[in-house]
> 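Mind having a look at this structure? Questions to follow.
We name chains A, B, ... by the order of the sequence lines, and we start the count at 1 in each one. These numbers come from the heavy atoms of this one structure, side chains and all, not from hydrogens, waters or symmetry mates.
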There are 2 protein chains.
Amino acid sequence: MSARDELLRKCLDYFLKHGVANLSLRPLAAAAGTSARMLIHHFGSKEGLIAAVMDQVRARLQSSFEPLITDASKRKPGEIMLGFWKVVTSRKYRPYLRLLFEVQILALQNPRRYQRYLIDTSATWLRLIRRALPRDKSNAVMATLCLAVVDGLTLEYLATGNLSRTSKAIDIFLTLLRKQK
Amino acid sequence: MSARDELLRKCLDYFLKHGVANLSLRPLAAAAGTSARMLIHHFGSKEGLIAAVMDQVRARLQSSFEPLITDASKRKPGEIMLGFWKVVTSRKYRPYLRLLFEVQILALQNPRRYQRYLIDTSATWLRLIRRALPRDKSNAVMATLCLAVVDGLTLEYLATGNLSRTSKAIDIFLTLLRKQK
DNA sequence: GCGGACATGTAACGACTGTTACATTCATTC
DNA sequence: GAATGAATGTAACAGTCGTTACATGTCCGC
């Protein structure tokens, strides 16, 4: 593993802990056991560093959702949504989701700087959900609703830490979906 | 209207445009036609300024949702949710919602600084929705779900600007709710 | 042993940060 | 009319920011 990769890993850890909104090179460098000088040297600029780290975030998340994607055709929609919810609320991925939401919100206020990190986020997830739903004319809208439910409940879970109530809400939603047919 | 109130109004406008994450006194002062010196003089500190502005945001939002709250008992749950959706997606309130989401996300990474601005946000809305739903044992969880739907769809709407698709998703959700009974 | 590319440390640059000291104006009150 | 206190302008403080110039070290191919 190259020195740059090692550094990238430590930077990712720091991002997951401290977010990206108020990121400052010197404290990050100190935590990673190096200097701001070296961060710029390896990543070109602060922008480049953020891009590299966020690419890493996206890669890790995508690999985590890969099983859900590949097995999508063999499962019921409800199972897939529950699978999503399990990953999204696991302690391991909590900081990742926090980071994703942070970038999404920052992009709302500062599109020029952050919007590029959103390219895949919403569209990819929407596409995935659409594949798991019946291919009728309401497919796109229904996928929008399912994504919104997971998003909204994830946000509520991150804010309050109340896993029980939010998980029950997912269950109710899946019940509504079943009764619909 | 006192000079402070006038200043506060201009600061609020600036917050709605530029957010709070990367707020800097000097550009804000320039936009408000004053100096950083005077901002500190009137509000004590940057912290005090943010608190004053966010209080203003909360007050304006609450007054906007007041009709929905007072008439809640006379309407069907679906109507109330649609009313919420109308307010939340109106051009006028778009920047307010952006700001609210921003503060919520910032609070996730920096609770000490921002959590106080969240005190009412989630709990108040949840309480309101609960009052509009049947008082059965699933009341709290159902309210959680409804709030998450509005939250998730609002976020999607803010990010993509696609009002048609997100509005249709709300409609589908309300249809699911009606079929449930 | 030598040269050359790369890694790294030190220190600094200029810009920007919130905040404050000092001076001045202005209106009001005794 | 003098005095007092608030409003405001100017300039600076000490600190942090991303970035860079310069020097030193370190390792590899020849």
Side-chain angles (χ1 to χ4, degrees), chain A residues 1-57 99 102-103 106-107 109-117, chain B residues 1-15 17-56 99 102-103 106-107 109-117:
Chain A
M1 185 189 271
S2 77
R4 201 195 105 116
D5 291 344
E6 178 78 13
L7 206 49
L8 185 56
R9 201 182 49 76
K10 289 179 183 171
C11 287
L12 174 54
D13 287 345
Y14 190 89
F15 272 56
L16 293 177
K17 252 189 214 148
H18 300 89
V20 66
N22 292 321
L23 181 71
S24 169
L25 288 187
R26 268 170 264 245
L28 162 61
T34 180
S35 65
R37 166 75 181 72
M38 294 313 297
L39 293 179
I40 297 287
H41 175 256
H42 280 298
F43 300 103
S45 67
K46 185 186 178 183
E47 273 299 304
L49 168 68
I50 294 179
V53 171
M54 291 310 295
D55 275 351
Q56 202 71 7
V57 169
L99 199 50
E102 190 186 4
V103 170
L106 290 178
Q109 303 280 9
N110 197 338
R112 188 165 310 175
R113 197 189 230 155
Y114 292 102
Q115 211 166 46
R116 63 172 120 163
Y117 305 124
Chain B
M1 184 190 274
S2 78
R4 201 195 104 118
D5 291 344
E6 178 79 12
L7 207 48
L8 185 55
R9 201 183 48 78
K10 289 178 182 172
C11 288
L12 174 54
D13 286 345
Y14 189 89
F15 272 58
K17 252 189 214 149
H18 300 89
V20 67
N22 292 321
L23 182 70
S24 170
L25 289 188
R26 266 170 266 245
L28 161 61
T34 179
S35 64
R37 167 73 181 75
M38 292 315 295
L39 292 179
I40 298 288
H41 174 256
H42 281 297
F43 301 102
S45 67
K46 183 185 177 183
E47 273 300 304
L49 168 66
I50 293 178
V53 171
M54 291 309 296
D55 276 351
Q56 202 71 6
L99 198 51
E102 190 186 4
V103 170
L106 290 178
Q109 302 280 8
N110 197 338
R112 185 164 314 174
R113 197 190 231 154
Y114 293 103
Q115 211 166 48
R116 65 171 117 162
Y117 305 124

> Measure the spacing between NE2 of B:H18 and OG of B:S24 and express it to the nearest 0.5 Å.
11.0 Å
> Which sits closer to the 5' end of DNA chain C, B:N22 or A:S35, going by the nucleotide each is nearest to?
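The answer here is A:S35.
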> Closest heavy-atom contact between B:S35 and B:A29?
C-CB, 3.3 Å
> Out of C:dT17, C:dT19, D:dT19, which nucleotide sits closest to the side chain of B:L25?
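The nucleotide sitting nearest to the side chain is C:dT19.
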> Testing B:D13, B:L12, B:D5 one by one against B:R9 for a side-chain contact (heavy atoms from CB on, under 4.5 Å), which residue passes?
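Only one of B:D13, B:L12, B:D5 forms a side-chain contact (heavy atoms from CB on, under 4.5 Å) with B:R9, namely B:D13.
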> Distance check needed: C:dT19 P versus B:R37 CZ, whole Å only.
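Rounded to the whole Å, the gap is 13 Å.
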> Taking OP1 and OP2 of D:dC17, is either one under 4.0 Å from a side-chain nitrogen or oxygen of A:S24?
yes
> Where do B:K17 and A:Q109 land on the side chain to side chain contact (heavy atoms under 4.5 Å, CB included) test, with the steps shown first?
CA-CA 8 Å; B:K17 252 189 214 149; A:Q109 303 280 9; over 6 Å; no
> Rounded to whole Å, how long is the line connecting atom CZ of A:R26 with atom C1' of C:dT10?
12 Å
> With B:F43, which of B:L25, B:V53, B:I50, B:L8 fulfils side-chain contact (heavy atoms from CB on, under 4.5 Å)?
B:L8
> Go through A:V20 and A:E102 one step at a time and tell me if the side chain to side chain contact (heavy atoms under 4.5 Å, CB included) criterion holds.
CA-CA 8 Å; A:V20 66; A:E102 190 186 4; 3.8 Å; yes
> Rounded to whole angstroms, how far apart are CD on B:E6 and C1' on D:dA7?
15 Å
> Heavy atoms within less than 4.0 Å of DNA chain C: which residues of residues 38-53 of chain B have one? Give them sorted by number.
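Listed by number, they are B:I40, B:S45, B:K46.
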> Round to a whole Å and report the spacing from CG of B:L28 to C1' of C:dT17.
14 Å
> To the nearest Å, give me how far apart CG (B:L23) and P (C:dT19) are.
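Spelled out: CG on B:L23 to P on C:dT19 is 11 Å.
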